[in-house]
Participant: 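Here it is, the structure, as structure tokens.
Throughout, a chain's letter reflects where its sequence line sits, starting with A, and its residues are numbered from 1. Note that this is a predicted model, so its numbers are computed, not measured.
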Amino acid sequence: MATITIDTVGKYEDQNVTISGWLTHKRSSGRIHFLVLRDGTGTMQATLIQGETDEQTLKVYTELTQESSLTVTGTIRKDKRAPGGYEILVSGIEVLQIAEDYPIAPKEHGVGFLMDHRHLWLRSPRQQAILRIRHAVVNAARKFFDDQGFTLLDAPIFTPSSCEGTTTLFETEYFGDRKAFLSQSGQLYMEAGAMAFGKVYCYGPTFRAEKSKTRRHLTEFWMIEPEIAFADLETVMKLAEALMVAIVEGVIKTRQHELELLGRDIKMFEKIQPPFYIISYDEALQILKDAGESFPWGEDFGGGHETIISNHFDKPVLIHRYPAQTKAFYMKNDPHRPEVALCVDMLAPEGYGEIIGGGQREDDPAILKEKIRKADLSAESFDWYLDLRRYGSVPHAGFGLGIERAVAWLCGLEHVRESIPFPRLMDRLYP
RNA sequence: UCCCCAGUAGCUCAGUUGGCAGAGCAGAUGGCUGUUAACCAUCGGGUCCGCGGUUCGAGUCCGUGCUGGGGAGCCA
């Protein structure tokens, strides 16, 4: 007798099999009883009929509670009345554990309650759909870089200092009187990597101690960050566009069922093809002015402004050459227009905000040193970073893609907290 | 850090002008021979977030604290 998983059930029609899983819920009508079994690969209905199923098994059925773990033995039958088209006619149930009162009912719950039970909430179909799409996003992105000859180079989490001077860092003790900080970005290390390997990327968690309470913020989020030697802004804009196309393609190819469960329009994603809209900061400012928003040149866009801009386009939009003062110290200024940086942000459609940020890096040692000084950063901590400009400096560029925001957009989520298995927010560190 | 909203049964919520604490779901029991978050009946279930105040009387009004949610700034 075969032990099978629910996703392969179609291959076992009329065969006797066993399936292990959890009980999502029960229902019955007269002498016929149903239980819905979930095993991580899917859900299916198991059927017991009084008079056909033996008394002992029927007795076990009545004792099962929601989320009890069990192994079911029976015959797979094709039946139009069963959700999914197949059911198992039960001949035996082996109980692993009878679950205590399960807090999450197949009904509505408040966000706070569900977040407190995130470890159990992951069992719901919607959360599984979102996190499977997350997996597909990461897979597609990594395959994209691997296929193009990038080397995966893991960046450290403990860092001696800030990568982005303006944002707040999480600080921790590091043996005695020394301090370490949790990484905000792997970028500086990727720049070192690019000088060794040519094309590199990292994928890992990053931490920002910003006291932000919005639908787009987590204190711990994951980024994939490519960096390329002998590359300029144009190169990375093209790369960012190709990456997004590859991600969308990967997701709609492998996770169509999940997108449908989340109520997403596949046709909308099929339209995400090159070329994307590429506009300058100045042109973005004009869009805001046309929408009746007064906005001074020289400031970075807020969430509301990004939404107005992205709503103008049915595809992700790339915005380049922001005012230099809004960007980090390592960005190279445009030699033809020193007041703007050779940087680019990609805004997701539907107001999901910035999903990619990057640009060309400062490659002149003297200018970079001055920028570090102006940003009020310690010269010592960045000595190694300046070495990259002392020993064979080359033009280079890269960017970072925020995984959670990309997933939130693809899944149509209200808040990024559902796009990561265990979200970390300003006011939430549990479970 | 600031602004707005909420906190009543295990969960989601209602509770009128200040006058006996309510519903649906979940749970228990019973019924129903194909259910799709099944359905029907019955039953059990309360620190009305905490503290203080006003009042003959507070879930309701006032003050304060805590918790949760949404937003701003900042950012991916």
Participant: Mind checking if I355(A) touches a base, just sugar-phosphate, or nothing, with heavy atoms under 4.0 Å?
Facilitator: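 Since only primed, P, OP1 and OP2 atoms lie under 4.0 Å of I355(A), the category is sugar-phosphate.
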Participant: So, E191(A) and Y330(A): side-chain donor and acceptor under 3.5 Å apart, yes or no?
Facilitator: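 The answer is no; no qualifying pair exists.
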Participant: Is the shortest heavy-atom distance from the side chain of F150(A) to the side chain of I228(A) under 4.5 Å?
Facilitator: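 The answer is yes, as the side chains (C-beta and beyond) meet within the 4.5 Å cut-off.
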Participant: NA contact type, I356(A), heavy-atom cut-off 4.0 Å: base, sugar-phosphate, or nothing?
Facilitator: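 Touches sugar-phosphate only.
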Participant: Using the C1' atoms only, state how far rG27(B) lies from rG59(B), rounded to an integer number of Å.
Facilitator: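 Pairwise C1' distance, rG59(B) against rG27(B), rounds to 26 Å.
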Participant: Could you tell me how far apart L429(A) (CG) and rG68(B) (C1') are, to the nearest whole angstrom?
Facilitator: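 Taking CG of L429(A) and C1' of rG68(B), I get 16 Å after rounding.
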Participant: On a whole-Å scale, what distance lies between the P atoms belonging to rG15(B) and rU8(B)?
Facilitator: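 Their P atoms lie roughly 14 Å apart.
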Participant: Go through the N and O atoms of the side chain of Q45(A) and the base of rU35(B), and report whether any donor-acceptor pair is under 3.5 Å.
Facilitator: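 In this structure, the two groups form a donor-acceptor pair.
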Participant: Given that L425(A) and M346(A) both sit by RNA chain B, which one's nearest nucleotide is further toward the 5' end?
Facilitator: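 Going by which nucleotide is closer to the 5' end, it is L425(A).
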Participant: Using a 4.0 Å heavy-atom cut-off across all strands, classify H117(A) as base, sugar-phosphate, or nothing.
Facilitator: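 Here H117(A) touches no strand at all.
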Participant: When all nucleic acid strands are considered with a 4.0 Å heavy-atom cut-off, which category describes R77(A): base, sugar-phosphate, or nothing?
Facilitator: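 Base contact.
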Participant: Could you work out the separation of rU42(B) and rG34(B) based on their C1' atoms and round it to a whole Å?
Facilitator: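 Taking atom C1' in both rU42(B) and rG34(B), they lie 26 Å apart.
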Participant: Under a 3.5 Å cut-off for both contacts, is rG27(B) paired Watson-Crick or G-U wobble with anything, and if yes, with which nucleotide?
Facilitator: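 Because both required distances fall under 3.5 Å, rG27(B) counts as paired with rC43(B).
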Participant: Could you give the CZ-to-P distance, from R208(A) to rG73(B), as a whole number of Å?
Facilitator: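 Rounded to the whole Å, the gap is 17 Å.
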Participant: Do E87(A) and rG34(B) share a donor-acceptor pair, side chain to base, under 3.5 Å?
Facilitator: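 In this structure, the two groups form a donor-acceptor pair.
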Participant: Can you tell me how far C1' of rU33(B) sits from CZ of R81(A), to the nearest Å?
Facilitator: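 From R81(A) CZ to rU33(B) C1': 11 Å.
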Participant: Could you identify the nucleotide paired to rA6(B), looking across every strand shown and requiring Watson-Crick or G-U wobble geometry with both distances under 3.5 Å?
Facilitator: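 Partner of rA6(B): rU67(B).
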Participant: Could you work out which one of rG34(B), rG70(B), rC75(B) sits closest to the side chain of K213(A)?
Facilitator: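 Nearest to the side-chain atoms of K213(A), counting from C-beta on, is rG70(B).
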Participant: Determine whether the side chains of S20(A) and T71(A) contain a donor N or O and an acceptor N or O closer than 3.5 Å.
Facilitator: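 There is such a pair (donor and acceptor under 3.5 Å, judged by atom type) between the side chains of S20(A) and T71(A).
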Participant: On a whole-Å scale, what distance lies between the C1' atoms belonging to rC51(B) and rG7(B)?
Facilitator: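 One C1' to the other, the span is 16 Å.
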Participant: Could you work out the separation of rC5(B) and rA37(B) based on their P atoms and round it to a whole Å?
Facilitator: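 Looking at atom P only, rC5(B) and rA37(B) are 38 Å apart.
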Participant: So is the aromatic ring of F221(A) stacked onto the base of rA76(B), judging by whether the centres are under 5.5 Å apart and the planes are under 30° apart?
Facilitator: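 So F221(A) counts as stacking on the base.
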Participant: In terms of the angle between their ring planes, are H117(A) and H119(A) parallel, tilted or perpendicular, with boundaries placed at 30° and 60°?
Facilitator: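 The rings of H117(A) and H119(A) lie parallel, inter-plane angle below 30°.
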Participant: Taking atom P in both rC61(B) and rG19(B), what distance in whole Å separates the two?
Facilitator: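 That atom pair is separated by 11 Å.
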Participant: Quote, to the nearest angstrom, the C1' distance that separates rU54(B) from rG63(B).
Facilitator: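 Approximately 11 Å lies between the C1' atom of rU54(B) and that of rG63(B).
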Participant: Would you mind pulling out the nucleotide paired to rG57(B), Watson-Crick or G-U wobble, both distances under 3.5 Å?
Facilitator: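 None - no nucleotide pairs with rG57(B), as no candidate has both distances under 3.5 Å.
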Participant: Taking any heavy-atom pair under 4.0 Å as a contact, classify H33(A): base, sugar-phosphate, or nothing.
Facilitator: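 Result for H33(A) = nothing.
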Participant: Parallel under 30°, tilted from 30 to 60°, perpendicular over 60°: which one fits the rings of Y322(A) and Y281(A)?
Facilitator: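 Tilted, since the angle between the ring planes falls between 30° and 60°.
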Participant: Both R405(A) and L89(A) contact RNA chain B. Taking the nearest nucleotide for each, which residue is further toward the 5' end?
Facilitator: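 So the residue in question is L89(A).
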Participant: For the side chain of R216(A), counting heavy atoms from C-beta on, which of rA72(B), rC32(B), rU12(B) is nearest?
Facilitator: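 That would be rA72(B).
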Participant: Take the protein atom CH2 of W222(A) and the nucleotide atom C1' of rA76(B), then report the distance between them rounded to whole Å.
Facilitator: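 Value for this atom pair: 15 Å.
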Participant: Checking contacts here: which listed nucleotide (rC75(B), rA76(B), rU12(B)) is nearest the side-chain heavy atoms of D300(A)?
Facilitator: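 Nearest nucleotide to the side chain: rC75(B).
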Participant: Does rG34(B) have its OP1 or OP2 closer than 4.0 Å to a side-chain nitrogen or oxygen of R31(A)?
Facilitator: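 False: R31(A) side-chain N/O out of range (4.0 Å or more) of rG34(B) OP1/OP2.
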Participant: Within the structure shown, what part of the strands sits under 4.0 Å from S28(A) by heavy-atom distance: base, sugar-phosphate, or nothing?
Facilitator: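 Touches a base.
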Participant: What does P83(A) touch in the nucleic acid at a heavy-atom separation under 4.0 angstrom: a base, only the sugar-phosphate, or nothing?
Facilitator: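 Base, at least one base atom sits under 4.0 Å.
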Participant: Using only modelled atom types and a 3.5 angstrom limit, is any donor from either the side chain of H217(A) or the base of rC75(B) paired with an acceptor on the other?
Facilitator: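 Present.
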Participant: Within the structure shown, what part of the strands sits under 4.0 Å from A406(A) by heavy-atom distance: base, sugar-phosphate, or nothing?
Facilitator: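 Here A406(A) touches no strand at all.
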Participant: Roughly how many Å is it from CG in L182(A) to P in rA76(B), rounded to a whole number?
Facilitator: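 Answer to the nearest Å: 17 Å.
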Participant: To the nearest Å, how far apart are H305(A) NE2 and rG73(B) C1'?
Facilitator: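 H305(A) atom NE2 is separated from rG73(B) atom C1' by 12 Å.
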Participant: Provide, to the nearest angstrom, the distance between the CZ atom belonging to R27(A) and the C1' atom belonging to rC25(B).
Facilitator: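 Going from CZ in R27(A) over to C1' in rC25(B) covers 16 Å.
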Participant: Between the side chains of D290(A) and Q286(A), is a donor N or O closer than 3.5 angstrom to an acceptor N or O?
Facilitator: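 Yes.
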Participant: What integer number of Å spans the P atoms of rC66(B) and rA26(B)?
Facilitator: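 To the nearest whole Å, 38 Å.
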Participant: Could you state the atom-to-atom distance from CZ of R417(A) to C1' of rG69(B) in whole Å?
Facilitator: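 The answer, rounded to whole Å, is 8 Å.
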Participant: Please determine whether side-chain hydrogen bond (donor to acceptor under 3.5 Å, both in side chains) holds for the pair R81(A) and Q45(A), giving the CA-CA distance in whole Å, both sets of side-chain angles, and the decisive distance to 0.1 Å.
Facilitator: CA-CA 10 Å; R81(A) 294 166 297 188; Q45(A) 173 170 290; over 6 Å; no
Participant: Heavy atoms only, 4.0 Å cut-off, all strands: where does G353(A) land among base, sugar-phosphate and nothing?
Facilitator: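 Counting heavy atoms under 4.0 Å across all strands, no contact is made by G353(A).
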Participant: Of the nucleotides rA72(B), rG34(B), rA76(B), which has the atom closest to the T47(A) side chain?
Facilitator: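 Within the option list, the nearest is rG34(B).
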Participant: Base, sugar-phosphate, or nothing: which does D345(A) touch, judged by heavy atoms less than 4.0 Å apart?
Facilitator: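 No contact at all - D345(A) keeps every heavy atom at 4.0 Å or more from the nucleic acid.
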Participant: Examine F144(A) together with Y201(A) and report whether their ring centres are nearer than 6.0 Å.
Facilitator: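 So the answer is no for these two rings.
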